[in-house]
Protein chains: 2
Amino acid sequence: MYSIVTDTVADAMPGRANGLQDVNIHLPYSLSDLLGLLGAAPHVDSASNGFPLAMRQLRTDAALFHEGEMVECIYFVYSGSLKRVRTAEDGYEQVLGFAGRGDLLGYDGVCMGRHPSSAVALEDARLLAVQTQDLRSLMGSFPAFGPLLQKASSLELQRQGESLGLMAAVSAEVRLARFVLQMSERMQAMGQSARRFHLRMCRRDIASYLGVAHETVSRSFTMLADWGCLQVDNREVEILDAALLQQIASNTRGLLDMALDRARASAVERPQGRVSDSRPARRPRTAGREQIWRAAASLGSVS
Amino acid sequence: MYSIVTDTVADAMPGRANGLQDVNIHLPYSLSDLLGLLGAAPHVDSASNGFPLAMRQLRTDAALFHEGEMVECIYFVYSGSLKRVRTAEDGYEQVLGFAGRGDLLGYDGVCMGRHPSSAVALEDARLLAVQTQDLRSLMGSFPAFGPLLQKASSLELQRQGESLGLMAAVSAEVRLARFVLQMSERMQAMGQSARRFHLRMCRRDIASYLGVAHETVSRSFTMLADWGCLQVDNREVEILDAALLQQIASNTRGLLDMALDRARASAVERPQGRVSDSRPARRPRTAGREQIWRAAASLGSVS
DNA sequence: CGAGCAATTGACCATAGTCAAGACTAGTGG
DNA sequence: CCACTAGTCTTGACTATGGTCAATTGCTCG
């Protein structure tokens with residue numbers, strides 16, 4: 001599985017990653033920090049300084065909570081990133097999504113009182129914890145909190161919908177293209193570069209998230225790279241041709257239709273193409289992808 | 001695709017049953033009806049009688065709201081059922097989920113102020129509408145409302161997660177088995193029979209929801225029927241062997257492991273077992289569906 | 001009754017899952 | 001410091017699964 005980094009005491013069990021430091025650590029954080037994190041104006045609910053919140057710290061591969069546990073808190077990512085996973089009865093680990101700064105975790109368990117999925121840190125992370133039992137009084141005492149929580153949960157719901165949209169695509173390359181664009185948007189939303197970023201999750205996690213085999217993720221990455229959309233070095237991704245990537249991502253069914261349309265359209269315009277990296281022509285093995293090659297070539301993305 | 005049915009202006013299409021009646025119709029409904037629908041005790045917030053709510057009526061195939069529209073209300077299904085759909089840029093219609101009585105719709109648009117997906121009635125339906133601008137004051141004035149809304153939105157989020165779990169399965173039969181079980185649970189939750197029910201959506205919708213071709217849904221239904229799990233007559237479904245169905249549904253990867261495990265297990269309790277006889281030292285590379293047949297046979301599900 | 005859509009089934013073959021092997025990296029302990 | 005393990009990542013080969021096209025049947029509703 002994943003390389004286990006025990007964060008504190010040597011626990012003899014290698015399978016379990018959670019040491020003592022994953023328990024709550026109370027630091028001088030308060031509700032006002034949360035309101036700020038969620039984008040509230042600086043001084044709304046100034047009394048919110050007086051409501052202390054726990055800041056939870058996690059090391060890589062440590063679980064924030066496990067599937068099936070009672071829900072005591074909902075969490076907001078303060079730094080770092082996590083994945084949400086559900087383990088099927090047969091032991092298969094399905095990745096439901098990834099969370100970064102500002103994202104809400106654990107809310108899906110509120111209705112049943114139990115977490116339907118686990119959350120695991122992809123890197124060292126810190127999270128603000130709000131006890132569910134406090135939710136009611138918080139909404140009463142701090143008028144800004146209710147709408148912000150609503151907004152956050154609504155955003156989660158929207159994100160999940162988009163995740164479903166990823167899986168709708170039939171072809172693996174399209175799924176991956178959509179995934180890359182999704183990550184790119186998120187990075188931008190967090191103030192980072194949308195063009196070049198570092199993936200925090202391994203191929204297996206991406207594969208599970210996209211519903212394909214991890215070998216297929218590898219292959220699809222090289223495909224996208226060959227077409228001149230991306231440059232990939234392990235987890236480092238650079239988007240070279242966002243337009244082409246978008247085009248690929250926008251085709252749910254196959255690659256064929258797009259390639260034809262695109263090739264036809266671009267046969268008219270045809271600007272001078274910039275050269276990314278001229279690689280020896282690889283023989284495309286299938287009819288469908290042959291089209292993409294032509295499309296890409298006619299776009300000037302590949303010389 | 002689906003015939004687009006505008007629910008406002010009289011469209012000249014004679015074949016379609018949707019006319020003016022899909023616009024808002026204010027009937028004597030109030031917040032107390034909503035609280036009741038969501039499972040609150042009968043007399044909490046008795047003043048809620050005084051807060052009127054719009055009841056929206058939809059005919060089959062009419063849209064509750066369209067993707068991209070401004071969010072004015074969130075809705076709670078009072079009767080009937082709907083599907084949530086997202087139309088990709090290439091025109092492909094992706095079904096995100098289905099909603100029945102008590103389910104919340106439109107909440108995912110609250111964060112951005114625009115609906116990220118459409119909602120379309122699968123049959124004549126009625127919905128209670130709550131204007132988003134009222135949410136804040138409602139939560140202030142009616143203490144029971146906030147938690148109920150929270151619970152409803154949390155449930156939606158959980159459901160979405162389960163939907164993602166459907167797509168995780170590689171084999172089409174497994175996806176369909178999970179879908180059927182999901183529907184069964186929902187029917188039961190709504191007080192109907194979990195064993196025998198009527199699907200409100202067509203094969204295409206199921207297919208889109210599961211991320212497979214609609215022909216594959218047909219084939220998978222006949223497969224499950226052949227294995228003795230189900231009886232299917234068009235949209236009428238009867239579960240014959242829930243245990244086997246569960247078994248099939250619980251295998252994310254292939255059908256292989258399950259069939260073997262199951263055959264082995266039942267070989268113990270069933271001394272006649274000739275099933276797990278001389279298994280070749282190495283598992284046959286892809287045993288395929290033959291295994292299921294044997295497993296089913298050894299279970300006595302198929303004569 | 002006919003038009004149109006839903007559902008099923010068959011044939012074909014491209015895509016992607018599976019197994020296998022090798023390259024590379026990071027963490028561990030001698 | 002260097003193996004040594006254990007993980008990730010990539011690539012190749014093979015083939016089952018499922019997407020696509022096509023034809024048929026059945027259902028519903030004018």
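Below, chain A is the first sequence line, B the second, and so on; all start at residue 1.
Under the 4.5 Å side-chain criterion, counting only non-hydrogen atoms from C-beta, B:Val95 is not in contact with B:Ile206. With contacts defined as side-chain heavy-atom distances shorter than 4.5 Å, the pair A:Gln94/A:Tyr209 does not qualify. Two residues are said to be in side-chain contact when any heavy atoms from C-beta on lie closer than 4.5 Å; B:Val174 and B:Thr252 fail this criterion.
We find that CD of B:Glu173 is positioned 15 Å from P of D:dA16, with the value rounded to whole Å. Atom CD1 in B:Ile206 sits roughly 13 Å away from atom P in C:dA6 (whole-Å rounding). To the nearest angstrom, P of C:dA16 lies 8 Å from CZ of A:Arg175. Residue A:Leu210 contributes atom CG, which lies 11 Å from atom P of C:dG17 at whole-angstrom precision. Rounded to an integer number of Å, the gap from CZ of A:Arg59 to C1' of C:dG27 is 15 Å. C:dA7 atom P lies 14 Å from atom CZ of B:Arg200, rounded to whole Å. Across the protein-nucleic acid pair, A:Arg204 atom CZ and D:dG7 atom P stand 10 Å apart, rounded to whole Å. For the pair A:Glu236 CD and C:dC24 P, the computed distance is 19 Å after rounding to whole Å.
Between B:Asp103 and B:Arg186, at least one side-chain N (NZ, or NE/NH1/NH2) sits under 4.0 Å from a carboxylate O, which counts as a salt bridge.
In terms of modelled atom types and a separation under 3.5 Å, the side chain of A:Arg203 and the main chain of A:Asn234 share a donor-acceptor contact.
Each of A:Arg200, A:Lys83, A:Arg84, A:Gln182 was checked for a side-chain contact (heavy atoms from CB on, under 4.5 Å) with A:Phe98, and the lone residue meeting it is A:Lys83. Among the candidates A:Leu240, A:Leu176, A:Ile239, the single residue satisfying the side-chain contact (heavy atoms from CB on, under 4.5 Å) test with A:Leu230 is A:Ile239.
Note on A:Arg235: every side-chain N or O is 4.0 Å or more away from OP1 and OP2 of D:dT8.
Annotation: salt bridge (Lys or Arg N to Asp or Glu O under 4.0 Å) contacts of A:Arg195 (sequence neighbours excluded): A:Glu238. Under the salt bridge (Lys or Arg N to Asp or Glu O under 4.0 Å) criterion, A:Glu236 pairs with A:Arg196, sequence neighbours left out. Among residues two or more places apart in sequence or in another chain, the side chain to side chain donor-acceptor pair (under 3.5 Å) test is passed with B:Ser81 by B:Glu123.
For the residue pair B:Thr60 / B:Asp124, a side-chain donor-acceptor distance below 3.5 Å is found, with atom types taken as modelled.
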Under 3.5 Å, N/O pairs linking protein and nucleotides 23-26 of chain D:
none

Restricting to nitrogen or oxygen on both sides, can you table the protein-nucleotides 8-10 of chain C pairs closer than 3.5 Å?
residue	atom	partner	partner atom	Å
C:dT8	OP1	B:Arg203	NH2	3.1
C:dT8	OP2	B:Arg203	NE	2.7
C:dT8	OP2	B:Arg203	NH2	3.4
C:dT8	OP2	B:Ser218	OG	2.5
C:dT8	O5'	B:Ser218	OG	3.4
C:dG10	N7	B:Arg219	NH1	3.0
C:dG10	O6	B:Arg219	NH2	3.2

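Axis orientation changes by 40° from one end of the helix from C:dC1-D:dG30 to C:dG30-D:dC1 to the other, with each end axis drawn from 5 pairs and the value rounded to 10°.
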